[in-house]
Amino acid sequence: DDDDDDADHTTQAAAQVLDALATVIPSEILFPKAFALIEASSQNANPAVRKSAQIALYAIIPGTAYHICQKSKTLVKTLELIFRAMADEEHNVRQAACISLSKAAQKCQPEICEYHAEVLPRIFACMQDASLDVRERACYALEDVVEHLEAAVVPYLPQLMERLTLMTTMGDDIHNVAIACLGLTAQSAEEAFAPYYMQVMVHLKELMALRKDSQRWPLMFQAFDTAGCLCTSCGPQLFAPHFKDVMQLTLEALEEVDECDMRVAAFSLFNSIAQLVPAVMSESLSVVMPYLMRSCASDAAVVKQGEEAYSFLREEGDNEVDESSASSLDTAYLEEQKAAFVVLGAIAVELKGHFAAYMQPAMDVCLATTKKKQYIFSPMIRTAVLGSMCQLVIAMHDSLNPGPWTKGIVSELPAALGNNVEAVQLLFRQTISEDEDRGVVCQAITGLDEVIKAIGPSALFNEDTLMDTTYCLRHLLQKQTVCQQIGADDEEGGEDEDGVRQNDNEDEDEESSSSLEMLLIEHGTDAVVTITKALGQHAAAMVEILLPLVLPYGRRTGPVSERSLTIGFLAEMCSALEQHVQPYLESMTPAMLEALEDEECEVRSNAAFALGVACRFGGETMLPLYPTILQALYSQCLLTSDPDMARAVDNACGAVGRMIAAFPEHVPLDSVLPPLVSTLPLTTDPQENGPVFQAMEILANCAAPMIAPHLPALVKSVSEVLQMEDVEATVHQAGQSLLQALSRVDPVLFRQHIALYPNLASL
């Protein structure tokens with residue numbers, strides 16, 4: 001037994017090392033080498049070695065998920081390895097494999113959902129395993145997979161509901177997971193869940209009445225949470241008959257069960273009801289708001305400690321202890337307060353004017369909390385408060401029914417709103433510059449971005465506000481903020497049962513230090529784009545300062561994520577500046593052209609898109625580069641047979657379309673059109689059909705002889721695109737306009753071919 005304990009400890013230590021390595025070593029270096037060793041160990045005759053292979057796999061998945069998902073072959077190989085282990089003869093191996101699948105389901109989204117036909121049957125099989133441990137882990141894996149399936153879950157509903165019903169008989173722990181899965185399933189299936197709705201709600205209301213049985217409270221809490229999921233999944237008609245019962249059960253439980261988890265579940269339910277039926281929730285605010293405000297204003301999370309417990313903080317000969325150190329924070333109350341702030345902001349956004357009486361009190365409690373210990377010492381609370389303040393300001397603005405803002409036009413805000421916007425943005429900038437936690441800083445940047453998106457140029461007030469924001473973002477892009485100066489080792493985290501590091505800050509969601517660092521830069525560049533979209537040419541001073549700081553992130557020696565982000569940023573800036581981008585193209589286009597030769601598909605795809613947008617808005621500035629760009633687009637994208645390059649091909653076609661639309665006379669149509677038209681319709685990125693159709697319409701109107709030979713193929717492509725789901729209306733409009741232009745190119749041929757496609761008959 002002692003030997004077994006030593007082996008477990010060794011396995012845990014090794015898993016910790018792998019988990020740490022995956023956060024600091026580039027995934028393209030670590031994953032292939034680690035996977036080769038894991039694959040070899042998975043074939044070992046010793047079941048302990050095969051189990052350790054799965055532990056190693058799920059230890060590295062969080063840190064290497066981005067790399068795994070970039071190439072479909074890598075994800076397929078990873079899943080195949082897990083699937084083989086799920087069918088292993090040894091139950092410990094099967095159990096570990098289910099954990100690996102859970103990790104993959106959590107981190108490899110949305111890519112893993114494409115393999116639901118292979119994933120779900122294997123989970124269902126493990127749910128019937130002879131080992132209880134395997135069945136339990138399979139249930140957790142099911143929860144992680146179902147959460148992201150969306151409409152793909154519908155064909156599995158009968159079998160899934162059968163399994164979930166079975167899970168409710170497997171003890172309260174698994175029953176709890178089953179109830180959570182029911183909520184996730186309802187959210188994914190939406191209207192298709194209707195046949196099961198009544199049965200599930202009846203069961204949930206039975207569980208919601210368990211307030212007298214403290215042993216089963218966790219199950220009751222989950223029932224409230226799942227009721228919220230059902231509330232928003234199938235529409236108000238199905239929930240309406242249950243609203244009165246659910247609200248009554250919730251309020252009774254809040255009064256009788258003085259537990260943080262109960263309040264967290266209730267707050268989540270209130271938020272769901274506000275989303276589904278805002279009018280109904282607005283009538284209940286007088287009952288609901290006291291609970292929310294009480295939790296927001298509470299200091300229960302701060303627990304005073306005896307001075308003796310902090311004697312180690314004293315320097316030798318020092319008889320005083322800093323008062324801020326002589327207290328700790330209660331995690332359960334922190335979770336409650338976090339939930340209260342999150343729901344406070346969310347309900348304000350949903351109810352808008354109906355929430356007017358509570359807007360300023362809610363903002364005041366947020367501002368007051370920024371001075372409290374739980375805000376100062378808990379990243380979780382700082383994140384929640386910042387998010388709530390952002391939503392409250394946006395709700396205040398929207399409640400005034402201001403109408404859409406105009407790029408570059410600053411309007412004076414009402415005094416109360418203006419004061420709150422100024423206070424919130426000041427807090428955001430201070431947080432970005434001074435906070436030590438990367439996750440909190442990400443929330444502050446997001447808040448800054450969302451407020452400007454909602455309020456527009458008026459959120460920036462004046463030139464001083466713009467420059468303060470610019471300098472704040474400059475420090476971020478230069479990695480000079482406080483959180484960027486702190487090493488990853490300073491961020492504390494616990495461990496799960498197998499020794500893999502878990503981050504205490506739930507908002508960071510186990511993100512590695514390097515991932516969070518990249519997320520900071522990503523959010524920062526998003527904010528730059530948002531400000532540029534709001535101000536247009538008036539953002540020139542900011543662009544001149546910040547653009548040179550972003551370009552180095554696209555260097556060929558940098559990580560894939562940085563290269564991809566940089567080129568995506570350049571494309572967004574071209575769109576935001578429109579014709580005013582021309583002064584900056586001299587520094588932007590070399591980076592785009594270099595990225596078009598990148599070995600990574602995502603970078604190349606972004607480069608193709610960016611060059612197309614640059615040609616659209618660059619005017620004559622881009623004409624000297626047309627031959628170079630066309631040659632690069634065809635050699636690097638259009639002529640490839642690599643299936644992983646499908647999106648790059650679509651973006652290259654869109655780029656060629658934009659080039660034709662801008663200057664058709666400068667594009668060699670006789671050599672460009674045949675391969676371009678033969679690629680249609682574009683299916684990986686169907687939105688790119690729009691610029692191609694627009695280009696073809698221009699040619700049909702000004703160069704009909706060039707387009708006439710391609711008329712049959714173009715009619716067929718438009719027919720297929722008009723039948724695609726999730727395609728923007730502008731693409732449909734471009735297709736219809738193209739058909740009208742083609743009808744004038746050769747009316748007889750056009751009528752012959754349009755008759756072949758029934759969906760075009762009405763056009």
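- Judged by distance alone, with hydrogens and angles left aside, the side-chain atoms of Lys352 form a donor-acceptor pair with the main-chain N or O of Val349 at under 3.5 Å.
- Looking at Ser298, its side chain never comes within 3.5 Å of a backbone N or O of Ser295 through a donor-acceptor pair.
- Taking OH of Tyr375 as the reference point, atom OG1 of Thr369 lies at 9.5 Å (rounded to 0.5 Å).
- Of the inter-residue distances, the one linking Cys181 atom SG with Asn176 atom CG reads 10.0 Å to the nearest 0.5 angstrom.
- When all heavy atoms are compared, the tightest approach of Ala534 to Ile452 is CB-CG2, 4.1 Å.
- For the residue pair Ser378 and Leu329, the shortest heavy atom distance occurs at CB-CD1, 3.8 Å.
- One N or O on the side chain of Gln687 and one on the backbone of Glu728 form a donor-acceptor pair closer than 3.5 Å.
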Criterion side chain to side chain contact (heavy atoms under 4.5 Å, CB included) on Met293 and Leu344, from CA distance to verdict:
CA-CA 8 Å; Met293 295 293 281; Leu344 186 68; 4.2 Å; yes
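- Side-chain contact between Leu477 and Thr525: present, with at least one pair of heavy atoms (C-beta onward) separated by less than 4.5 Å.
- At most 12 non-hydrogen atoms from other residues, nucleotides or ligands lie less than 6.0 angstrom from CD of Glu150.
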After noting the C-alpha distance and the side-chain angles of Tyr358 and Phe355, does the key distance pass the ring pair (Phe, Tyr, Trp, His ring centres under 6.0 Å) rule?
CA-CA 6 Å; Tyr358 301 97; Phe355 197 79; 5.6 Å; yes
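- Not a single donor-acceptor pair under 3.5 Å links the side chain of Lys338 to the backbone N or O of Thr383.
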Evaluate Met161 against Phe193 for side chain to side chain contact (heavy atoms under 4.5 Å, CB included), listing each step before the verdict.
CA-CA 10 Å; Met161 293 302 293; Phe193 194 80; 3.8 Å; yes
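- The CG atom of Leu269 lies 4.5 Å from the OG1 atom of Thr250; values are rounded to the nearest 0.5 Å.
- Between the side chain of Arg382 and the backbone N or O of Ile376 there is at least one donor-acceptor pair closer than 3.5 Å.
- Annotation for Ser433 and Cys472: closest pair OG-SG, 3.8 Å, computed over non-hydrogen atoms.
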Any chance you could lay out the side-chain hydrogen bond (donor to acceptor under 3.5 Å, both in side chains) test for Thr226 and Gln222, step after step, and finish with the verdict?
CA-CA 6 Å; Thr226 298; Gln222 184 59 61; 3.2 Å; yes
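- Side chains of Val264 and Glu259 form no contact here, defined as non-hydrogen atoms less than 4.5 Å apart.
- Considering CG of Leu448 and SG of Cys390, their distance stands at 9.0 Å, rounded to 0.5 Å.
- Between Arg263 and Asp258, at least one side-chain N (NZ, or NE/NH1/NH2) sits under 4.0 Å from a carboxylate O, which counts as a salt bridge.
- A side-chain donor-acceptor contact under 3.5 Å links Trp217 to the backbone of Arg211.
- Counting heavy atoms from C-beta on, the side chains of Leu351 and Pro278 come closer than 4.5 Å.
- Without hydrogens or angle criteria, Tyr197 side chain to Leu230 main chain gives a donor-acceptor distance under 3.5 Å.
- Between Lys212 and Glu256, some side-chain heavy-atom pair lies under the 4.5 Å cut-off.
- The heavy-atom pair separating Gly536 from Leu577 by the smallest distance is O-CD2, 4.0 Å.
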Kindly indicate, with the supporting measurements, whether the criterion side chain to side chain contact (heavy atoms under 4.5 Å, CB included) is fulfilled by Asp437 and Val441.
CA-CA 6 Å; Asp437 187 274; Val441 174; over 6 Å; no
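- Ile445 places none of its side-chain heavy atoms less than 4.5 Å from the side chain of Phe428.
- Here the side chains of His203 and Ile179 are in contact, with some heavy-atom distance below 4.5 Å.
- At a threshold of 4.5 Å between non-hydrogen side-chain atoms, the residues Gln391 and Val342 do not count as touching.
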Run the numbers on Ile273 and Phe239 for side chain to side chain contact (heavy atoms under 4.5 Å, CB included), then give the verdict.
CA-CA 9 Å; Ile273 295 173; Phe239 183 74; 4.2 Å; yes
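- Between the Gln485 side chain and the Lys479 main chain, a donor and an acceptor come within less than 3.5 Å of each other.
- Listed here is the closest heavy atom pair of Ser388 and Phe341: OG-O, 3.1 Å.
- Expressed to the nearest 0.5 Å, how far NE2 of His242 lies from CG of Leu249 amounts to 12.0 Å.
- Here the CE atom belonging to Met542 is positioned 6.5 Å from the CG atom belonging to Leu466, to the nearest 0.5 angstrom.
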Under the side-chain hydrogen bond (donor to acceptor under 3.5 Å, both in side chains) criterion, do Glu255 and Tyr291 qualify, and how do the steps go?
CA-CA 10 Å; Glu255 285 299 313; Tyr291 290 106; 2.3 Å; yes
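- Using a 3.5 Å distance cut-off with no hydrogens or angles, the side chains of Asn420 and Gln360 do pair a donor with an acceptor.
- At least one donor-acceptor pair closer than 3.5 Å links the side chain of Gln484 to the backbone N or O of Thr481.
- By the 4.5 Å heavy-atom criterion applied to side chains, Asp172 and Pro218 are not counted as neighbours.
- In this structure, His538 has its ring center no closer than 6.0 Å to that of His580.
- Ser188 contributes a side-chain N or O that, together with a main-chain N or O of Leu184, makes up a donor-acceptor pair within less than 3.5 Å.
- Across all non-hydrogen atoms, the minimal contact from Ala459 to Val421 is O-CG1, 4.1 Å.
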